[in-house]
Amino acid sequence: MSRQKHIKALKYTKAINLSAELSLEGIRMTKKIVALGGDGIGPEVVDAAIQVLESMGLDIEILKPPCGEAAIKKYGTPFPKEAMDLTNESDAILFGATEQASVFILAYLRWFLDTYANLRPIKYYEGVPTPIKDPQGIDFLIVRENSEGMYPGREGDLSLLAERLPDYKDRLGKTFADWGPGKFAIRVFTDKGCRRIARFACEKARERKKKGFPGKVTCVTKSNVLRESGGLFQRTCEEVIKDYPELEYEHFYVDDMARRIIRFPKEMDVIVTSNMFGDILSDLAAELMGGLGMAPSACIGDRYAYFEPVHGSAPDIAGKGIANPTASILSSVMMLEYLGMRDKAEELENAVKEVYKEGKVLTPDMGGNSKTSDVTEAIIQKLK
Ligand code: IPM
Ligand code: MN
């Protein structure tokens with residue numbers, strides 16, 4: 001976006017705020033969406049999603065402040081203040097992907113905006129090539145804890161722990177010093193973190209049950225080894241599920257679960273798990289639906305929400321115009337649902353469905369030779 005256009009966007013933001021202050025309920029009708037493309041193919045797939053959304057004539061305003069690799073070149077930072085300010089005022093955020101440059105943006109969206117529930121639906125669309133024999137009907141949801149676990153990055157030199165906790169012994173009876181030189185990483189699970197993600201998963205299972213899904217929550221931990229942290233996660237899920245007598249509950253260890261996702265994908269409904277396990281299982285499960293090119297996600301907190309494809313920045317194909325925009329477009333479907341535009345979300349999802357059912361316009365990751373813009377255009381055509 002040019003500087004001038006960006007300034008206009010900022011003025012518009014002010015106008016919206018003013019009207020919100022003046023209106024009786026302070027309700028803002030036009031939803032404000034901030035698009036942050038990030039790095040690599042991120043901006044390409046987010047632009048595709050924007051084109052699709054704009055073709056739908058929705059009551060939304062999409063703002064596109066500079067960010068990521070492009071912003072570093074121009075402003076010397078991946079996340080200029082204007083972009084952050086707009087993000088802070090947004091109703092929803094569309095995010096692309098991160099390589100090195102935008103890691104800070106991702107951290108901001110997850111930790112500073114506290115978008116603690118990462119929803120990763122695994123849903124098979126007819127016509128999509130997948131290694132699975134009979135994929136029709138695969139439709140489940142991974143709820144990944146997004147705010148704690150290993151990912152805030154508490155790592156360091158083992159000597160630090162040896163010095164600070166000289167008497168601490170592990171289950172083998174060894175102190176940190178006994179292990180000699182090396183590094184550590186700390187996994188933190190909190191009561192609050194476990195409780196809110198367990199509740200989120202149960203609410204989703206309840207919502208899905210109303211739509212005809214089994215109403216089952218599968219908790220995934222490694223509590224046989226990580227007894228304290230994994231144990232807390234598992235116990236908390238078991239407590240929270242008691243408030244949902246209509247739901248079924250089961251627990252599997254993560255290694256067993258990896259196998260089950262492939263072996264029994266149609267038995268899954270809502271899977272709830274911690275940060276790293278959710279990260280790994282969701283990439284694995286994405287293959288059931290045809291790969292990362294198809295897999296959308298939503299990161300939701302109490303005030304903010306952002307929507308991003310599960311895939312990364314794919315630097316090898318960045319700028320070639322061949323990235324599959326579907327995961328980003330399906331993330332927009334999740335965004336429309338979040339914003340309360342259910343019918344529109346369904347319309348858009350159906351357009352995607354039809355394109356794959358026909359199977360004529362496919363990007364290279366799906367075995368075709370269409371471009372990002374061809375897929376985008378095909379979806380827009382189906383919306384007409
Ligand atoms: C994802 C990504 C991120 C994660 C990376 C980029 C930090 O892999 O969203 O799954 O691991 O959470
Ligand atoms: Mn990942």
Side-chain angles (χ1 to χ4, degrees), residues 35-46 49 67-69 72 78-79 87 92-123 140-155 185-189 193 197 200 220 254 257-258 261 271-301 304-318 323-332 334-335 365:
L36 303 170
D39 311 328
I41 58 168
E44 299 168 46
V45 296
V46 166
C67 79
E69 284 159 351
I72 290 193
F79 202 27
T87 300
I93 300 142
L94 265 184
F95 186 68
T98 167
E99 183 59 19
Q100 278 308 315
S102 298
V103 169
F104 174 71
I105 305 180
L106 191 82
Y108 187 81
L109 297 176
R110 287 190 189 177
W111 285 285
F112 290 86
L113 302 187
D114 200 21
T115 53
Y116 62 87
N118 185 186
L119 309 183
R120 297 191 155 178
I122 303 296
K123 183 167 176 179
F140 61 91
L141 177 66
I142 297 177
V143 179
R144 166 192 181 191
E145 204 294 318
N146 214 30
S147 68
E148 43 186 50
M150 299 288 259
Y151 283 47
R154 299 171 197 92
E155 293 191 291
I186 291 181
R187 189 169 94 140
V188 172
F189 286 12
I197 200 65
F200 208 103
V220 179
V254 64
M257 190 62 185
I261 285 179
I271 296 170
V272 62
T273 191
S274 52
N275 208 339
M276 181 179 270
F277 295 162
D279 185 23
I280 297 167
L281 291 181
S282 58
D283 265 38
L284 170 93
E287 283 305 326
L288 300 172
M289 64 188 290
L292 290 175
M294 298 298 295
S297 90
C299 297
I300 297 180
Y304 292 99
Y306 83 93
F307 300 83
E308 63 169 342
V310 175
H311 65 66
S313 59
D316 51 326
I317 58 162
N324 188 346
T326 312
S328 179
I329 292 168
L330 288 174
S331 300
S332 309
M334 296 181 83
M335 181 180 77
D365 59 313

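Ligands are counted one by one from 1 in listed order, and the atoms in each one are counted from 1 as well. What you see below is based on every heavy atom in this structure, not just the backbone, and it leaves out hydrogens, waters and symmetry mates.
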[X] neighbourhood, listing ligand 1 atoms whose heavy-atom distance to it stays under 4.0 Å:
X	value
Arg110	1 (C), 3 (C), 4 (C), 9 (O), 12 (O)
Tyr151	4 (C), 11 (O), 12 (O)
Arg144	1 (C), 4 (C), 9 (O), 10 (O), 11 (O), 12 (O)

task = Examine all N, O or S atoms of Asp279, backbone included, and report whether one is under 2.8 Å from the Mn ion (ligand 2).
result =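 Yes, since at least one N, O or S atom of Asp279 sits under 2.8 Å from the Mn ion (ligand 2).
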
key: Ring centroid separation Phe79 to Tyr108 under 6.0 Å   =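 So the answer is yes for these two rings.
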
query = For ligand 1, is Arg120 a contact, meaning one of its heavy atoms is under 4.0 Å away?
reply =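 So Arg120 counts as touching ligand 1.
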
task = Using only heavy-atom distances, determine whether the side chains of Asp279 and Tyr151 contain a donor-acceptor pair under 3.5 Å.
result =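 Asp279 vs Tyr151: donor-acceptor pair found between side chains.
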
ask   = Side chains of Asp39 and Ser313: donor-acceptor distance under 3.5 Å anywhere?
value =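 There is no such pair (donor and acceptor under 3.5 Å, judged by atom type) between the side chains of Asp39 and Ser313.
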
ask   = Looking only at atom types and distance, does a side-chain atom of Glu99 sit under 3.5 Å from a main-chain N or O of Pro315, one as donor and one as acceptor?
value =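 Side chain of Glu99 to backbone of Pro315, a donor-acceptor pair under 3.5 Å: no, none is there.
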
ask   = Is it true that Arg110 and Glu308 have a side-chain N and a carboxylate O under 4.0 angstrom from each other?
value =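 Here Arg110 pairs with Glu308 in a salt bridge, since their nearest N and O are under 4.0 Å apart.
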
ask   = Do you know which two heavy atoms are closest between Ser147 and Pro152, and how far apart they sit?
value =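 Smallest heavy-atom distance, with atoms named: O-CG, 3.7 Å.
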
At what distance is the nearest protein heavy atom to [atom], and which residue and atom is it?
atom	value
atom 7 (C) of ligand 1	Leu106 CD2, 3.8 Å
atom 8 (O) of ligand 1	Asp279 OD1, 3.6 Å
atom 6 (C) of ligand 1	Thr98 CG2, 3.9 Å

